[in-house]
Amino acid sequence: MNQIFSRLTITSIIIALFTSCGSEQSDSDKTLAEKITFPEIKFIIDATADTTIFGPQGTRIFIEKETFQFPDGATATDSIELTLKEFYSKSDIILANLSTESDGKLLETGGMLNISARSNGQDIEIKSDKRIVIHFPKSNKWN
């Protein structure tokens, strides 16, 4: 039985080596790598009220009223569309091609977020005198 398993393993390795020996990636291989996407969660919030939102992987975000402004400095007062992407597993971070660095050295991370905000079809930003508060889920190990 072990001998059969060994032969199957060796045969599988040889087949994998021969099929991956191409000198260039085909266009279909490149587009496959480019098509990896991650779920975006969209929230619509009231710009004039304090708001707490919860991501599906346990992220909690508190946003004080009147936190956002347009690039020209005008306060955003209409509804705001927040988009949240959560990256908490090693595989998600690697597949999304994300990393953290300090002094040119890679750091280990417990997760990453991507948060964007829009109002009236325009990107908006956090005012310089405001902050948002983010609570990350507690985890004792990587997924």
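One hydrophobic cluster, built from ILVMFWY side chains closer than 4.5 Å, cannot hold both F54 and I41; they sit in different ones.
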When you look at F87 and T109, which way does the side chain to side chain contact (heavy atoms under 4.5 Å, CB included) test go after all the steps?
-> CA-CA 10 Å; F87 303 93; T109 180; over 6 Å; no
Between I80 and T51, is a side chain to side chain contact (heavy atoms under 4.5 Å, CB included) present by the stated rule, with each step listed?
-> CA-CA 11 Å; I80 295 172; T51 304; over 6 Å; no
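In this structure the side chain of E86 reaches within 4.5 angstrom of the side chain of P56, judged on heavy atoms. Taking 4.5 Å as the limit, some side-chain heavy atom of L82 sits within range of a side-chain heavy atom of I63. The shortest distance between side-chain heavy atoms of T59 and Y88 falls below 4.5 Å.
Taken from CE in M112 to CZ in F136, the straight-line distance is 10.0 Å, to the nearest 0.5 Å. Here NZ of K130 is found 8.0 Å from NZ of K65. Values are rounded to the nearest 0.5 Å. Rounding to the nearest 0.5 Å places CG of L113 at 9.0 Å from CD of Q57. Atom CD1 of residue I44 and atom CD of residue E81 lie 4.5 Å apart, to the nearest 0.5 angstrom.
The hydrophobic cluster around F62 extends to V133, counting ILVMFWY residues whose side-chain heavy atoms fall within less than 4.5 Å of a member.
Residues T75 and T77 have side chains that never bring a donor and an acceptor to within less than 3.5 angstrom of each other.
A pairwise comparison of heavy atoms in A47 and A76 identifies CB-O, 3.2 Å as the closest pair. Across all non-hydrogen atoms, the minimal contact from F68 to A117 is CE2-CB, 3.8 Å.
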Name every donor-acceptor pair, under 3.5 Å, that has one atom in a side chain of residues 119-126 and the other anywhere in the protein, sequence neighbours excluded.
residue, atom, partner, partner atom, Å
S119, OG, S79, O, 3.1
N120, ND2, D78, OD2, 3.0
D123, OD1, R118, NH1, 2.7
E125, OE2, Q69, NE2, 3.1

Do any side-chain atoms of residues 96-105 form donor-acceptor pairs under 3.5 angstrom with protein atoms, and if so which ones, sequence neighbours left out?
residue, atom, partner, partner atom, Å
T100, OG1, L107, O, 3.2

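Between the K127 side chain and the E66 main chain, a donor and an acceptor come within less than 3.5 Å of each other.
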